[in-house]
**Student:** 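Would you mind keeping the following structure in view while I ask a few things?
Order of the sequence lines sets the chain letters (A, B, ...), proteins ahead of strands, with each chain counted from 1. In this text, all values refer to a predicted model and were calculated from it rather than measured experimentally. Reckoned from all heavy atoms, side chains included, excluding hydrogens, waters and symmetry mates.
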There are 2 protein chains.
Amino acid sequence: MPEEIPVPPWRRPKKAPPRMPLTQDRIVDTALGILDAEGLDALSMRRLAQELKTGHASLYAHVGNRDELLDLVFDLVLTEVEIPQPEPGRWAEQVKEMCRSLRRVFLAHRDLARIAIDRVPLGPNGILGMERTLNLLRSGGLRDELAAYGGDLLSTFVTAEALEQSSRHSGTEQSEEQAGMFADQLHGYLKSLPPTQFPNLVHLAGPITSLDSDRRFELGLEIIIAGLVAAGAGDDADDREPGIRTAGSTLPGS
Amino acid sequence: MPEEIPVPPWRRPKKAPPRMPLTQDRIVDTALGILDAEGLDALSMRRLAQELKTGHASLYAHVGNRDELLDLVFDLVLTEVEIPQPEPGRWAEQVKEMCRSLRRVFLAHRDLARIAIDRVPLGPNGILGMERTLNLLRSGGLRDELAAYGGDLLSTFVTAEALEQSSRHSGTEQSEEQAGMFADQLHGYLKSLPPTQFPNLVHLAGPITSLDSDRRFELGLEIIIAGLVAAGAGDDADDREPGIRTAGSTLPGS
DNA sequence: CCATGAAACGACCACCGTTCTATAGTGGAA
DNA sequence: TTCCACTATAGAACGGTGGTCGTTTCATGG
């Protein structure tokens, strides 16, 4: 937060009015600051007004309501995600890069995933992001339907994964340590289950709990993109390549 | 599973007129009834206590806090999802069936997806579901890591998709009509964007808005499963175990 | 028949988002 | 320069929320 404590009263009347007018931008910026520092639950209209040194009722002249404020915060933050310009032949890796960038943004702003999870990004930056995402996917040769849905699926995946990661070490405490503790506890619990009743959980206790967030993310990314490629290549109508269908997945249409 | 899907919460408390003691089961049942009838936001401790004809403070003798109550409600509802026993060669279709069943459960209980999205299902029914899901995935020959993460990915996908669908027609109003209205509005908006700046959005306005929830779901399912197959087939894998243990089929009692 | 201990309750606490209304402060017109 | 209209502001109030605490109720065991 910018500190403006040393007030120069001699310059007051002319240049900078000590009364910094309440602005939507200022409100949204400050809201993002509180979000980063204290989390979503702390981001109340009252707390926000206090930060802006005003009354909480004044905010409603600029933002409508809290939900709309969160819309604005979300859209503001979407500025930070980098979407590469398509390069032929590299689209899959570029999609991954975009998803990684989106994930970085999610992890950089506390509780942002909680805000995003039930929100359709229709703000200006969200729309722009969608446009560029679709551009990337279509450059990969995906059918229209697959490109349209693929963008949704990928962003949902990134959001959900970020939500999971951030909710794991949910408290205000250190992240890594707490996540490790939780994984260890869970591992012990799974191992302690009756093996006759839960053979798979006991057997997979290791893989289930040892996957750190980064590995989970890369794995999921790989799965979804491979699925997009396979679906785009093998699906009905205008198949451009002979089916990639692997054994056991003789999918009987719909 | 006992058929009590149309939960009549209003009659429940009257079952035993003289004095029905407050019980965790009764609380959770009633909570589920309120959830179905009025949604998550209406499910406050006070509203719940009122339904049970008691004071809200009394609930805390049985459930700890609201979040724990939601854990219990979630786990209770998990009873309803059907997970098939593995049949050789049909695993992919069976995984789909399981996901569809899970989705049906989500859509049958208002706002359940909102409860599930940031919750790890570690209750007894959740654990059981994980076990049987892993059983199914491993029967498909997936590597341990892929099976372990695939279960997570699939359940996250189902939850997120249900959340999206239920949040689209969010209000208390009719579902289909409102969803259609929204799609039409969005379609018009996308079509009205400047084509030079948003060529892909304009071009894909149709596919983006015409995908109904069922199609979205089936498409996503297909993508993820194809991705799992592709990732499992393409990666170097030596750990393919011949033995497939099925819990419950040969259980020697407990 | 009474004592006891757990269950239930009512009063509180510290908040929340939102609306209403009175006012303070400003830009522009006279 | 004066004054007016207008709007941004903020205080009070409303109807909620989850959670805690000290007290009361009451069925049951002695």
**Student:** Using whole Å, what does the distance between atom P of nucleotide dG16(D) and atom NE2 of H56(B) come to?
**Tutor:** 14 Å
**Student:** Looking at side-chain heavy atoms only, is the closest gap between L154(A) and L137(A) below 4.5 Å?
**Tutor:** yes
**Student:** Send over the distance from I27(B) CD1 to dA7(C) P, rounded to a whole Å.
**Tutor:** 11 Å
**Student:** Can you check the M45(B) CE to dA8(C) C1' distance for me, whole Å?
**Tutor:** 14 Å
**Student:** Less than 3.5 Å apart, any donor N or O on the side chain of N125(B) or T79(B) sitting next to an acceptor on the other?
**Tutor:** yes
**Student:** Can you measure Y60(B) atom OH to dT23(D) atom P for me and round it to whole angstrom units?
**Tutor:** 21 Å
**Student:** Looking across every strand, which nucleic acid part, if any, lies under 4.0 Å from S44(B) by heavy atom: base, sugar-phosphate, or nothing?
**Tutor:** sugar-phosphate
**Student:** List in chain and number order the residues that pass side chain to side chain donor-acceptor pair (under 3.5 Å) with D214(B), two or more places apart in sequence or in another chain; answer none if no residue qualifies.
**Tutor:** R103(B)
**Student:** Who pairs with L76(B) by side-chain contact (heavy atoms from CB on, under 4.5 Å), at least two apart in sequence or on another chain?
**Tutor:** V28(B), D29(B), L32(B)
**Student:** Find the distance L48(B):CG to dG19(D):P and express it as a whole number of Å.
**Tutor:** 12 Å
**Student:** Measure CG/L43(B) against C1'/dG16(D) and give the value in whole Å, please.
**Tutor:** 15 Å
**Student:** Check whether any side-chain heavy atom of L69(A) sits under 4.5 Å from a side-chain heavy atom of M45(A), and report yes or no.
**Tutor:** yes
**Student:** Mapping R46(B) and T23(B) onto DNA chain C by nearest heavy atom, which one lands closer to the 5' end?
**Tutor:** T23(B)
**Student:** Start at the 5' end of DNA chain C and walk down; is the nucleotide closest to G64(A) or to R47(A) reached first?
**Tutor:** R47(A)
**Student:** Below the 4.0 Å mark, does dT9(D) have OP1 or OP2 next to a side-chain nitrogen or oxygen of H62(A)?
**Tutor:** yes
**Student:** Of all the choices, dA8(D), dA8(C), dG19(D), which nucleotide is nearest to the side chain of L22(B) once you look at every atom?
**Tutor:** dA8(C)
**Student:** Using whole Å, what does the distance between atom C1' of nucleotide dG17(C) and atom CG of D41(B) come to?
**Tutor:** 13 Å
**Student:** Among dT9(D), dG19(D), dC20(C), which nucleotide has an atom closest to any side-chain atom of A57(A)?
**Tutor:** dC20(C)
**Student:** Write down the distance between CD (Q50(B)) and P (dG10(C)), rounded to a whole number of angstrom.
**Tutor:** 13 Å
